[in-house]
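Counting convention: from 1, in listed order, for ligands and their atoms alike.
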Amino acid sequence: RCRKTAEPLLSAFAARRDSLGRVKATRRKMVKQAVGGDPVAPPEGFAPNSGVDSYEKYKVMHDRSLEDPKGFWSDVIEEGGLHFEEDFDRSQDVFSYNYHHTKGPIDIKWFPGGKTNLSYNALDRNIKQGRGDQVAIIWEGNEPTDSSTLTYQELKDLVCQISNYLKSVGVKRGDRVNIYMPMLPELPATMLACTRIGAIHSVVFAGFSANSLSDRILDNKSEVLVTASGVLRGKKLIPLKQIVDDALEICEGAGHHVKTCLVLENKHALAKGKCSVKDGRDVWWEQAITSQPKECDVEWMDSEDPLFMLYTSGSTGKPKGVLHTTAGYMLGAYTTVKYIFDAKPGDIYWCTADCGWVTGHTYLTYGPLLNGVTTLVFEGVPTYPDAGRCWSIVDKHKVTQFYTAPTAIRSLMGFGNDWVKEHKRTSLRLLGSVGEPINPEAWLWYHEVVGNKNCPIVDTWWQTETGGIMITPLPGAWGMKPGSATFPFFGVKPVVLDEKGNEQEGACEGYLAIKQPWPSQMRSIYGDHPRFETVYFKHYDGYYFTGDGCRRDEDGYYWITGRVDDVINVSGHRIGTAEVESALDMHHSCCEAAVVGYEHPVKGQGIYAFVTLMDGAEANEDLRKELVMLVRSEIGAFAAPDAIHFAPGLPKTRSGKIMRRILRKIASNEYDQLSDTSTLADPSIVQKLIDSKQK
Ligand code: WTA
């Protein structure tokens with residue numbers, strides 16, 4: 001069997017640059033054509049009512065957040081009435097850190113000596129401030145006829161019951177709890193129940209396969225899993241409990257026993273009777289939770305105690321458990337929602353993300369609840385029962401802020417304007433975008449058709465690792481440029497580095513890095529601190545490296561150009577090419593696989609897999625289907641390759657490294673830009689690849 005060799009990361013960056021340059025040139029031209037080069041002014045009347053009404057005010061606040069972080073964050077805590085059971089030590093610096101891998105372990109700490117609790121601040125604090133009867137969660141089911149609400153008091157009662165149950169099965173402070181659930185109110189409630197008692201939750205997106213779920217359980221060794229019978233997404237039924245049974249069997253095989261599996265019956269999708277139950281391990285939600293007391297003391301956590309982990313993809317095959325801690329994450333979530341979404345009491349805020357991704361953590365659950373607004377949880381998909389579903393939900397619940405991903409915008413744009421115009425959308429005040437660069441056409445459609453030019457658009461750049469939004473417009477405060485995330489948020493000091501790691505000034509382009517810690521920064525990779533140091537701090541000593549390319553224009557606006565490592569962004573989902581390659585590699589007919597991203601009109605990036613076959617294997621449709629199925633079952637449906645190219649060979653250097661730059665060009669039909677192929681061991685392979693593609 002032949003073996004795959006990985007290309008070193010830095011040369012991969014270099015390779016990506018020329019292709020990025022081209023993409024950017026096209027984007028720049030499109031923006032110019034679309035808006036005549038001038039920024040789009042925010043809607044009149046928005047700024048005077050928002051928290052930060054001008055660039056000048058922002059500048060003063062941003063400067064202070066970097067020069068006097070203690071004063072800045074102390075004011076945030078005081079103005080928001082955020083509760084610290086024990087104040088942090090004001091005699092020390094508000095943060096301490098080491099970003100130099102050459103000077104000992106990478107280490108980041110905020111709010112030394114403080115004690116607080118996120119669940120308390122999101123629930124009890126709001127109730128104390130008089131919001132007990134206000135709706136905290138609006139749930140909208142897959143079917144338009146299904147919806148319900150929970151007030152802050154009702155949500156707190158439910159959270160306490162879940163906390164009490166978790167404690168009754170032995171979950172203690174610092175223990176991990178895995179959550180694999182559909183978008184029902186019980187999902188954010190379970191997250192809040194964990195943080196209430198100091199347990200570290202790890203939510204696994206309910207679109208992941210049994211293999212991916214078991215990988216994550218085996219990594220964090222949790223003995224408790226919370227799940228549901230199933231879920232309907234549009235017309236498609238996903239039997240979650242069955243997937244869980246398979247995952248737990250894999251865990252058993254690897255010697256790890258999950259002792260408690262709490263199962264919620266999702267009556268809208270799959271009845272109890274259709275699920276298998278393992279005595280002694282599986283417990284139905286109703287039996288377990290309903291009889292629990294509705295009071296549960298909170299566990300006061302140290303500022304730097306772990307809060308949650310969330311697995312995300314990187315350059316290597318193994319997903320990493322990004323670890324966030326308590327006080328800093330809480331302040332990041334609170335402040336970003338307050339200023340970026342202009343959150344106000346009475347707002348009905350809808351973020352379409354699933355809690356299985358970081359956006360569902362910070363901008364569906366914690367951030368909105370910390371701000372005392374009503375957050376909408378949607379179980380279904382934007383195109384069911386028809387392509388007007390989002391706007392019908394906006395009208396039904398009088399949604400004021402709407403936050404989604406460019407892929408959803410592009411997909412809805414494809415259905416035409418009538419689906420939007422059929423609905424009033426008069427409640428909307430602000431629109432947001434996240435997850436990938438937004439192309440100017442989609443931006444303009446969002447602004448003009450969805451928002452009737454009445455809503456500012458916040459194009460928010462951030463990552464699972466950053467915990468919260470990092471670069472973004474503040475709505476109303478300055479002109480927007482379609483496709484630019486504009487300026488850094490409070491506390492964030494971005495730099496654009498060149499190949500050698502030098503900071504560049506003024507208009508420039510290069511690699512995006514962050515110069516000093518911000519409160520909601522990840523602190524480690526669960527169980528693997530050395531990997532944390534290598535992935536984020538070794539490329540450029542003294543900086544947090546984001547893995548993204550970036551341009552800063554002559555007006556100082558930041559434009560994120562996409563990943564420069566082997567991570568691709570498919571419909572806003574982060575996928576490591578190495579993960580897909582290892583799945584393909586498992587097939588007995590596959591000799592070697594190399595996966596790259598290519599521009600896709602709806603998904604942003606599509607997955608293109610080059611596969612060479614073992615001697616005797618036949619390249620046919622059945623094999624293609626088997627390979628796609630294998631990726632679906634190994635990772636999940638969202639990672640299925642869009643194209644499989646049976647390749648006669650792969651372009652390799654004399655030392656055996658795959659030259660992905662060439663593969664990217666071939667996948668994108670950019671044959672005239674193949675540049676230098678002389679370092680290839682066999683340059684003739686390039687033409688063979690082109691020929692085999694055209695066939
Ligand atoms: C990309 C999602 C351009 C970027 C919150 C980043 C973006 C990765 C934007 C993180 C944006 C996210 N403009 N690119 N507004 N937002 N990205 O961890 O490449 O799922 O590194 O976090 O998404 O993806 P993740």
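Distances from atom 11 (C) of ligand 1 to the heavy atoms of Glu436, Arg563, His361 put Glu436 nearest. The residue among Gly483, Gly572, Pro437 with a heavy atom at the shortest distance from atom 14 (N) of ligand 1 is Pro437.
Side-chain contact check for Glu670 versus Arg664: every heavy-atom pair is 4.5 Å or farther apart.
Checked against a 6.0 Å centroid threshold, the rings of Tyr180 and Phe205 do not count as neighbours. When ring centroids are compared, His201 and His361 come within the 6.0 Å threshold.
Of all protein heavy atoms, the one closest to atom 18 (O) of ligand 1 is Thr464 OG1, 2.5 Å. Remark: minimum distance from atom 5 (C) of ligand 1 to any protein heavy atom is reached at Trp462 CE2, 3.4 Å. Protein heavy atom nearest atom 6 (C) of ligand 1, with residue, atom name and distance: Asp548 OD2, 3.1 Å.
Under the 4.0 angstrom criterion for non-hydrogen atoms, Gly435 is in contact with ligand 1.
Checking only distances, Ser433 never comes within under 3.5 Å of ligand 1, N or O to N or O. Residue Thr312 has no nitrogen or oxygen atom sitting less than 3.5 Å from a nitrogen or oxygen atom of ligand 1, judged on distance alone.
Panel note: side chain His529, backbone Ile106; a donor-acceptor pair is recorded below 3.5 Å.
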